[in-house]
Every structure is written in C-alpha cells, then in structure tokens.
2 protein chains.
Amino acid sequence: MAAAAVKNGAGGDTKADFARIYEALKEELLRDPAFEFTDESHQWIDRMLDYNVLGGKCNRGLSVVDSYKLLKGVDVLGEEEMFLASSLGWCIEWLQAFFLVLDDIMDDSHTRRGQPCWFRVPQVGFIAVNDGIILRNHISRILRLHFRKKPYYADLLDLFNEVEFKTASGQMLDLITTHEGEKDLTKYNIGVHRRIVQFKTAYYSFYLPVACALLLSGENLENYSAVENILVEMGTYFQVQDDYLDCYGDPEFIGKIGTDIEDYKCSWLVVQALERADESQKNILFENYGKKDPACVAKVKNLYKELNLEAVFHDYESESYKKLIADIEAQRSVAVQKVLKSFLHKIYKRQK
Amino acid sequence: MAAAAVKNGAGGDTKADFARIYEALKEELLRDPAFEFTDESHQWIDRMLDYNVLGGKCNRGLSVVDSYKLLKGVDVLGEEEMFLASSLGWCIEWLQAFFLVLDDIMDDSHTRRGQPCWFRVPQVGFIAVNDGIILRNHISRILRLHFRKKPYYADLLDLFNEVEFKTASGQMLDLITTHEGEKDLTKYNIGVHRRIVQFKTAYYSFYLPVACALLLSGENLENYSAVENILVEMGTYFQVQDDYLDCYGDPEFIGKIGTDIEDYKCSWLVVQALERADESQKNILFENYGKKDPACVAKVKNLYKELNLEAVFHDYESESYKKLIADIEAQRSVAVQKVLKSFLHKIYKRQK
Ligand SMILES: [Mg+2]
Ligand SMILES: [Mg+2]
Ligand SMILES: [Mg+2]
Ligand SMILES: [Mg+2]
Ligand SMILES: [Mg+2]
Ligand SMILES: [Mg+2]
C-alpha cells in the first residue's frame, strides 16, 4: 500500500509530505490492474499527470489536510492519517485538473499555469478530451483503493459526484449565458451571476475540501448544511473579489492583466453597473462591453467610475465579512469555527 | 418517485415500458434540486438528452431487463422491479451517449445515428464537451435517487466507475496507437487489437448489462469473474465480426459503406494480414493502407483475398463459438447459462 512508502517525520513538513504522496498515488495508478498498460500508454499517463495535476498552488488540496488537523485539534498527523487526508486533497487537485483541461478546450485558451494548455501540446490535440475523462476516473480509482473499507465510502463517492455535477451545471450555465448566440447583456443580472459562481466555483473550491475533512473525521454531512452554506457564500465572495481585481487589481501583483471587459464576462462589476445604470449609461455598456478596442474598454471603466463601483465593492466586502463572521460564530463546534475562519482569513481583503 | 409514473400492465410491452421510463427519468433530472435551473438551461438539457440518449437501438439497455428476467426466471416483472432494471438499462444508454458525444469530437466525425453529431449542431460546438460530462453525471444522479438505500449501492457505483475507467483506457490506447504522430503499421498486432477492443467496447457493451442484472438480483460480482471473462470474449468476437463486416458485409444490409481501410483502423483484418504477409506483401500494406484513393483500397482488399482472410475469419468464428459454448455450459447456474446464451445467439453469424 502506498501509505507505507511515505515517511512522515514528527512535526513533519506538510507540503513536502503532500508532494511525496502525489508520487505514491501516481505510481499506483500506473500499475492499476484494471487496465493492461502498454509502454506507450504508461508513458502517456505519466506525462499527462505531471503536466496537468502539478503546477498549481495546491490550495484546495492542502486545505483538506489543514482542515482535518483543525477538526482533530492536532498539529501533526500520524502517517496513515496524513496519507488519507492528502489523498483526498489530491483527489480535489485531480478534479481541478479535469475541469481545467476541458475548460481550456471549450474556451479555446492558449496558456494555463505558465505553459501551453494541454490540448495545444503537439500530438495531444483532442486526445485531451479523453485525458480529462481519465483524470476524473483516477479519483474513483484512488477512492476505491484507499477508502473502500471505510464506513463513509459511499458518502465520499456521493460527495465527489454531487460536487462534480454542480460544477458541470454551473459551467453549462456559464457557457450558454456568455457564449451562446448573439452577445446579449440583458441576460446578465445578479441572480445569474450568483448561480454561475456558486455552482461553477464555490462548491468544489470551498465546500469540497472541508466536506472531505469532515467525512474523514467520521462526521455525517447531513448535519453540516449550515457549514455548506457558509463555504458557498465564501466562495461567492472570493469570486466577486476575483472579478473586482480583474479591473482594479495591480497587474504586477496579481500576475496578469485583466480582460473580463474585453471577454464579455458575466462579471460582478458589469452586473452591478447594469443594476445602477440609467438608459443612456446602459447604452454605453451595450455599445462597448465585450470589444477588444482599448477605447471601448476605457469607456466601460469610466462608467464603472461614474457609478462608484469601487465603493460598492468595498461595501459588499465589509458586509459579506460581517455576515460570514456572524454565521461562523453561530456554529456550535469551536473546531469547525476555526476551520471556517482559517478559510476566511486567507481571502479577506486579499490583493491577489 | 418516478416509478409510480410508470404503469407496467401484466404481460406488458417491455420496449414501450422502457421508453416511458426514459421520460420519467428525464423529468426527474430536470427537477434535480442539486442545481437551480434557469429556463434556458432547462431547455438545453431537455433537448440535449433527447438528441443524444435517444435514437439508438437500446440493445444494451434492454438487455439489462432481459437478463434480469432470465436470472429471476420470470416473463414479466413487477412495476418496481421493471422500473429499477430499466433505470440501470438507461444508465448504460446514458453512458453510451457520453462516450459517443465525446468520441465524435475526438474523431472529428460528421454524423451519428443519421443526424449531425451533437457538437456540429449550430450553437452547440464545444459546449458538447461539457454536455458529455453532464451525461456521465446524470448516471450518478439516477443511481443516487433510486438505489441509495440498496445494499449493493456502493457496488453499483464501483461497477460504473470501473467500466468507465476501462473504456476510457481502451479509448486512450486506440487514440495514441492509431492517431498519434506518423502512421506506423508496425504498431498494429493482435495483442494491441485485443486490448483496444476489450477495453474500449467489450466491458461496457457486454459485461456491464449482465453485471447490472446480477447486482439487482442480489449477487456478489466477485463470484462472477468467469462470467465476466466469457462476456468480454463475446464482446471481442462481436468486434471482430464488426471489422469483418466492414470489408465483407453487404452495405445494403449493414446500412453503411465500410471505410476501415481508408481510415487506417487497427482492424482485425489488417492485423491478420500483417501476421501472414511476407516482406513484399507487407510493403503493399505499408504503401496502401490508410489512403483514400480507391486504387489503394483495392490493392489492400486484393491482398486480403490472397491471404484468404475470409476463411481465416470463418475459422475464428467457429472456434470462438465452440469455446464460448463450452465455457458457458461449464457455468453452474442454468439461469446464468441462459443469459449468456441469449447474448451469444443474438450475435453468432450475424450479417449486420
Ligand atoms: Mg477558461
Ligand atoms: Mg470557461
Ligand atoms: Mg477572473
Ligand atoms: Mg468514432
Ligand atoms: Mg474514436
Ligand atoms: Mg467498425
């Protein structure tokens, strides 16, 4: 069993252990008896995994380990527990890789994490679609291998299935609202924005890591719907920040130049602008939103200034924070409060 | 519950009941509380399901119902049992739709079941990738809704997960062997052919329906590895027939004109030819296989004739049949024998 291959010294370095567990999981997948690998297919998977699963910050994956430690009230996990928590963390990283590989195809993107998108690599092309499927399947393989005998095995499968379904549904809403047919800003409103954000991002990025840690702790997720709501709210808040920073963040600091206006994104900013604009201001949006021309972008940004969207955002931010803190402090378990606050403090007033 | 919506009269018409259960399942999926549908996304899924799940012959789905009846030794199922068996049958049809939608993108195909491939429909395009994912997710939703309380629920999830993984792995092998880089016939041999066929087709088309019926009957699949092997062998035999008919079948009868030679397919015929060809005959294959030019195709077909591949096929067919019948009759359960024979007799010496 792969757990045995991971030495987790006392007071060990979580990030290093987490990284080593990736190698152990990959080795297992490459010897999976459910398929007869040829040399070529073995090499293909090896390379495809390193290319797509690695290279991110692993925030989601590591937060399973961190949350589990807080729930247990310990600083260091035993070897077996570290292995199980990290495996669930890696399952989320695999899920993310699956979404990103396919999203890049659908968005016709060029780069991801500082390298060409996987489908743009020579000799990959549309094989990337099947590689996405294989990434998703690896999660089931990992869970089956290491969690089959656990009392919460079916709950774990249900959790990943339901979160994947919500994410794909949010992605559908995004695709048909923002890509389909003619550009039509009247489709954009705060209800649509919230739904896209919650389903496409919040469940898998915020709720899923904590839900994994709860299951690992022997908890029944049915008792944690308040926690789910708080995390989904936090995920929404996180995406609103993302939309805000795309326009108002420091490109040096966030590492990219925002293009949401040019890309006709259903951003929180445009939704707020539409809500506040009079007829003539709406026409400015209709005429200039979603165009590459820098003069058009400038007109949109100007309107945002007129409508005082920076202040609107800062109000939203402090209101959200107050509400989240109140909801968190209403939780009975102090350990759960700690988990939720650790998430909130990672993102509150972030600049990148 | 959807089951209540289905009236299954005594001695009822299985096909009509099966069709009605599709409508019930679709209605449930369109009111799934795990997503907040907008009108547009509701319409999108409704249309996407009818376009992609329907239109096939439903052989795989119906064979769950037929196998379950044989295992139980009854001609007619009760309403609840008919609903459950049909739901599992539809899950296989959904799985098939998921594979086909994505396969058509990867193969850059034009038509499927007599209509344009889904991704070629105006306003669909690469949204079809996400629709494929949603089709797969619907299986988990159906299983969760109707089988969550069954003692075999985790086994059912494991079964669909493992069969999906095998199919995607077979698809990978097919893609990297037959699409990757330069055309290289030396990669084609009987071992590669067998692996592609077994993993890409046999597990989901032959093993999965019977495995579903066995689980529904309360059986433990660990006791049925011989049955699995027989069904995978039958699936292999079925694909060899398919490869044979592509070249030697009557286009009037099979409803299409075979293009495996033009398409550089890793067909059983070319594998047999490579095994029997001398150096100069191999050169004929190297120079003419995988070219659209009818003169090249004719040279390949000529070589097949020289090598007597029709006779090689008929020997293979009768050997396979004998072996399968012997293996089937070695099964302890007469009901299981009946299930396996019903599959075999549907395909033995088929002309289309
Ligand atoms: Mg994208
Ligand atoms: Mg996208
Ligand atoms: Mg953004
Ligand atoms: Mg195809
Ligand atoms: Mg194909
Ligand atoms: Mg064929």
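Lettering of chains follows the sequences in order, A, B, ..., and the numbering in each one begins at 1.
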Measuring heavy-atom distances to chain B, does [X] have an atom under 4.5 Å in its side chain, in its backbone, in both, or in neither?
X	answer
Y153(A)	side chain
Y203(A)	neither
D103(A)	neither

Examine the side chains of N223(B) and E219(B) and answer whether a donor and an acceptor come within less than 3.5 Å of each other.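 No, no side-chain donor-acceptor pair sits under 3.5 Å.
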Identify which of A168(A), A154(A), G125(A) forms the greatest number of heavy-atom pairs closer than 4.5 Å to chain B.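 Option with the greatest count: A168(A).
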Using a cut-off of under 4.5 Å for heavy-atom pairs, which of H138(A), R136(A), R148(A) has the most such pairs with chain B?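 Looking at each of H138(A), R136(A), R148(A) in turn, R148(A) comes out on top.
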Looking only at heavy atoms and a cut-off of under 4.5 Å, which of D107(B), I134(B), I45(B) has the most pairs with chain A?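 Sorted descending by pairs with chain A, the first entry is I134(B).
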Mind checking whether Y22(B) and W94(B) have parallel, tilted or perpendicular rings, split at 30° and 60°?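 Ring orientation, 0 to 90° scale: tilted.
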Just say parallel, tilted or perpendicular for the rings of F126(B) and F126(A), cut-offs at 30° and 60°.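 Rings of F126(B) and F126(A): perpendicular, as their planes differ by over 60°.
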Around D39(A), counting heavy atoms of other residues, nucleotides and ligands shown, do more than 12 lie under 6.0 Å from its CG?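 No - once you tally the heavy atoms of other residues, nucleotides and ligands closer than 6.0 Å, there are 12 at most.
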cation_pi(K166(A), F199(A)) dist<6.0 Å, angle<=45: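 Negative - K166(A) is either too far from the ring of F199(A) or too far off its axis.
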